[in-house]
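Here is the naming used below: chain letters follow the sequence lines, and residue numbers restart at 1 for every chain.
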Amino acid sequence: GAGVSQSPSNKVTEKGKDVELRCDPISGHTALYWYRQSLGQGLEFLIYFQGNSAPDKSGLPSDRFSAERTGGSVSTLTIQRTQQEDSAVYLCASSLRVDRRPYEQYFGPGTRLTVT
Amino acid sequence: AQSVTQLGSHVSVSEGALVLLRCNYSSSVPPYLFWYVQYPNQGLQLLLKYTSAATLVKGINGFEAEFKKSETSFHLTKPSAHMSDAAEYFCAVTGSKNEKLTFGTGTRLTIIP
């Protein structure tokens with residue numbers, strides 16, 4: 001079946017602009033995660049959703065970052081007033097659910113964001 | 001709190017030689033451990049996982065890893081390296097509820113012909 005998809009694959013934006021990154025999880029997966037991969041910080045957790053709820057937003061680096069998920073499926077990560085330090089690859093993952101038993105997280109190909 | 005340490009940011013082995021990538025973890029709860037591989041300009045692909053069943057875990061592409069609680073380790077091995085194994089490898093840990101993965105800093109594996 002189809003894997004996790006992300007769009008756009010690449011995004012170049014000017015400092016100060018807002019950007020939206022989209023993630024389509026694997027069908028039937030109720031848990032969805034956002035991570036960021038950058039040279040300086042490695043792979044870091046941003047936020048996760050169980051259904052449409054986001055119990056843990058602790059990884060969002062500032063209030064310029066927000067995310068939502070609608071219909072228990074597609075998620076959008078929004079970065080307002082982008083800064084150069086936001087340049088990174090944003091990875092989305094999904095899994096069957098967040099539960100007592102950990103399920104594998106399946107990753108999308110990522111969105112490479114470059115802020116100029 | 002959980003963390004992962006990967007020793008060696010770069011590892012080079014000859015084709016056909018043993019591959020050993022090291023991962024040590026710290027966790028306040030029983031850990032669940034994963035190895036992921038990332039090829040250039042791609043996302044992460046799951047190689048194998050430890051979820052408290054067998055301590056020796058076999059994964060895809062001939063890789064395996066052994067969970068050693070006494071050493072807090074989960075090292076990744078492959079008996080014979082292939083050129084296609086060249087990639088970056090990440091060890092990751094999560095707790096019982098899979099709320100997030102905490103990753104190591106990664107090890108870039110180079111295969112020498």
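- L46(B) and V4(B) fall into different hydrophobic clusters, where Ile, Leu, Val, Met, Phe, Trp and Tyr side chains are chained together by heavy-atom contacts under 4.5 Å.
- Taking the side chain as every heavy atom from C-beta outward, L101(B) and F107(A) approach each other to under 4.5 Å.
- Under the 4.5 Å side-chain heavy-atom criterion for ILVMFWY residues, a single connected hydrophobic cluster contains both W34(A) and V19(A).
- Each of L113(A) and V89(A) belongs to its own hydrophobic cluster when Ile, Leu, Val, Met, Phe, Trp and Tyr are linked at side-chain heavy-atom distances under 4.5 angstrom.
- Atom-to-atom distance recorded for T94(B):OG1 and E104(A):CD is 12.0 Å, nearest 0.5 angstrom.
- Under the 4.5 Å side-chain heavy-atom criterion for grouping Ile, Leu, Val, Met, Phe, Trp and Tyr, Y35(A) is not connected to I79(A) through any hydrophobic cluster.
- One hydrophobic cluster, built from ILVMFWY side chains closer than 4.5 Å, cannot hold both Y32(B) and L48(B); they sit in different ones.
- For Q37(A), the part lying under 4.5 angstrom from a heavy atom of chain B is the side chain only.
- Using a 4.5 Å heavy-atom threshold, the side chains of K100(B) and L46(A) count as separate.
- Both the backbone and the side chain of L44(B) come within contact range of chain A, judged by heavy atoms closer than 4.5 Å.
- Taking the six-membered ring for Trp and the full ring otherwise, F45(A) and F103(B) have centroids separated by 6.0 Å or more.
- A distance of 8.5 Å separates CG in L43(A) from CD in E88(B), rounded to the nearest 0.5 Å.
- If you measure heavy-atom distances from S9(A) to chain B, you find no contacts under 4.5 Å at all.
- For a residue to count as touching a neighbouring chain, one of its non-hydrogen atoms must lie under 4.5 Å from one of that chain's; by this rule Q45(B) does not touch chain A.
- Interface summary for chain B: among G42(A), A93(A), P109(A), the most heavy-atom pairs under 4.5 angstrom belong to P109(A).
- Atom CD1 of I60(B) sits in a crowded spot, with more than 12 heavy atoms from other residues, nucleotides or ligands closer than 6.0 Å.
- Residue with the most contacts toward chain B among Q105(A), Q6(A), E44(A), Q50(A): Q105(A) (heavy-atom pairs, distance under 4.5 Å).
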